[in-house]
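Heads up, the thing below is written out as structure tokens.
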Amino acid sequence: MNIPFLELKPGYLELKDQLDEAYHRFMDSGWYVLGQEVDGFESEYASYCGSRECVGVATGLDALSLALEAAGIKCGDEVIVPSNTYIATWLAVSRLGATPVPVEPVEGTCNIDPLKAKECITDKTTAIIPVHLYGQPADMTEIMKIAEKHRLFVLEDNAQSQGALWEGRRTGSLGHAAAHSFYPGKNLGAFGEGGAVTTSDPDLAEKVRLLRNYGSKKKYYNEVKGYNFRIDGLQAAFLRVKLSCLDEWNERRKSLAEAYLKGINQEQGLQLPEIASGAVPVWHLFTIRHPKRDKLQEFLSEKQIGSMIHYPIPPHLSDAYKEDQDWGSLPIATEIAKTTLSLPIGPHLSGESVYQVIDQINSWLRSN
Ligand SMILES: *Cc1c(COP(=O)(O)O)cnc(C)c1O
């Protein structure tokens, strides 16, 4: 048995002809920064998400911080973020000199708890970043209600949820803007770095477009102090190919997740992920929880089954943030970090492998 946590090369091999064709088309075009492939990807991805505009940028982190900056979030503002997200969500806030305000998740889904978010709003709060963690949409209905009442800017962190649905609508089209990452391991992964901002607000899109390109629309005429956060044109060409099979690959993830949900015995302290009503997740990760998580991971590793921890250290306990302020106790985030384990999942993992993982976990549960 050798079941790696995730393999990326089979994704290239399955689409080799189309990807190689995209590569040659790009090289033959003679135009290598922004241009046709980027425009093409942006309009295809905007329409996939159901938003009016898409602006391709260099990474998911840049997408988060550019969207915040374009919305006017500034030094001294408070921005509500999940306590249990990947650190990028917090870093985007910190980069602007604003303060991340962590809010604990609902235990079952691990997504931000809107009621707790509401309690953290002060007169300095200007934005909230719900993260659709592990491929499962956050409760956008409640979040939008709260945001409307308190005039908050809502930025979805959709790095892990391309294609997910919340009450029939795609994540990435539910907030005022959304940030996407095309890091290779994401559901819509490039073959290098990439990111995007989607929004249905044309003014916001225009600002992001300016900021990503040195603050200029016309070359050498700089309207604002911008950055070079442009998406790479070759990655855009590859992403057009990947986008055309995103739904099918998400379906494959779904059937593996269903096998896990049905097959793993929810006993001896093992917890399976819960799906919120109204949510259609895309299973970026399949995470289980167990109090003896480290022992289980060691056991799987002896059986040559790969697994990972998302994430071992919550942002407020990381060296990067622990000295900044007293973050208070965030027991749910801390507990998740101690007990969560991500099992192998991906569009090229076989059902047979998943059954083997299930058998091993169930036999470990029986003897623990
Ligand atoms: C991957 C990820 C990001 C950052 O994306 P990069 O492209 O790596 O910068 C942001 N937020 C979450 C939740 C992520 O998983």
Side-chain angles (χ1 to χ4, degrees), residues 5-6 8 41 45 54-69 79-96 100 102-103 105 109-112 127-138 140 143 154-164 171-172 174-175 177-198 208 211-212 227-232 235-236 238-239 242 253 273 281-287 308-316 318 320-321 333 336-337 340 342 345-346:
F5 176 69
L6 176 66
L8 295 173
F41 172 68
Y45 192 57
C54 168
V55 185
V57 298
T59 68
L61 175 59
D62 296 334
L64 286 162
S65 66
L66 285 189
L68 291 174
E69 186 172 342
V79 177
I80 293 173
V81 295
S83 57
N84 62 318
T85 179
Y86 180 55
I87 199 167
T89 318
W90 288 44
L91 290 173
V93 175
S94 302
R95 194 197 250 180
L96 297 173
V103 166
T109 62
C110 294
N111 271 329
I112 195 165
I128 176 168
I129 313 182
V131 177
H132 306 307
L133 198 68
Y134 306 149
Q136 169 145 213
M140 290 303 292
I143 291 164
V154 181
L155 174 61
E156 296 169 76
D157 182 336
N158 198 40
Q160 303 192 357
S161 283
Q162 294 101 350
T171 56
L174 303 160
H180 310 256
S181 163
F182 308 124
Y183 184 77
K186 311 285 177 169
N187 289 41
L188 179 59
F191 294 87
E193 307 281 355
V197 175
T198 52
V208 175
L211 289 171
R212 81 162 170 190
Y227 311 91
N228 179 353
F229 287 164
R230 298 179 292 237
I231 190 172
D232 183 75
Q235 297 305 327
F238 291 151
L239 283 165
K242 293 293 290 286
R253 288 175 184 271
V282 288
W283 303 106
H284 173 58
L285 296 169
F286 189 90
T287 58
M308 297 210 20
I309 297 166
H310 297 94
Y311 297 89
I313 302 169
H316 73 288
S318 69
Y321 279 101
I336 290 173
T340 192
S342 304
I345 196 160

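No hydrogens, no waters, no symmetry mates; every other heavy atom, side chains included, goes into these values. For ligands, and for the atoms within them, numbers begin at 1 and follow the listed sequence. Given the structure is predicted, the values throughout are model-derived calculations rather than measurements.
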Using a strict 4.0 Å cut-off to heavy atoms of Q160, name the atoms of ligand 1 that fall inside it.
-> 13 (C), 14 (C), 15 (O)

For I313, look at atom CD1 and say whether over 12 heavy atoms of other residues, nucleotides or ligands are found less than 6.0 Å away.
-> no

In this structure, which one of D157, L96, V197 forms a side chain to side chain contact (heavy atoms under 4.5 Å, CB included) with L64?
-> D157

At what distance, to the nearest 0.5 angstrom, does OG1 of T287 lie from NE2 of H310?
-> 9.5 Å

Other residues, nucleotides, ligands: >12 heavy atoms within 6.0 Å of F5 CZ = yes

Considering only the protein, which heavy-atom contact is closest to atom 9 (O) of ligand 1, and what is its distance?
-> L61 N, 2.9 Å

Starting from atom 10 (C) of ligand 1, find the nearest protein heavy-atom neighbour and note its residue, name and distance.
-> A88 CB, 3.4 Å

Is the shortest heavy-atom distance from the side chain of R212 to the side chain of Y227 under 4.5 Å?
-> no

Ranking S161, G194, S181, P184 by closest non-hydrogen atom to atom 8 (O) of ligand 1, top hit is S181

From the candidates A190, A196, G60, the one that places a heavy atom nearest atom 6 (P) of ligand 1 = G60

V131 heavy atoms, cut-off 4.0 Å: which ligand 1 atoms fall inside?
-> 13 (C)

Are the side chain of K242 and the backbone N or O of G189 linked by a donor-acceptor pair below 3.5 Å?
-> yes

Counting from 1 in the order shown, the ligand 1 atoms closer than 4.0 Å to a non-hydrogen atom of A159 are 2 (C), 3 (C), 10 (C), 11 (N), 12 (C), 14 (C), 15 (O)

Around atom 11 (N) of ligand 1, find the nearest protein heavy atom and jot down its residue, atom name and distance.
-> D157 OD2, 2.8 Å

If you draw a 6.0 Å radius around OH in Y86, do more than 12 non-hydrogen atoms from other residues or ligands fall strictly inside?
-> no

Among non-hydrogen protein atoms, atom 2 (C) of ligand 1 lies closest to K186 NZ, 2.6 Å

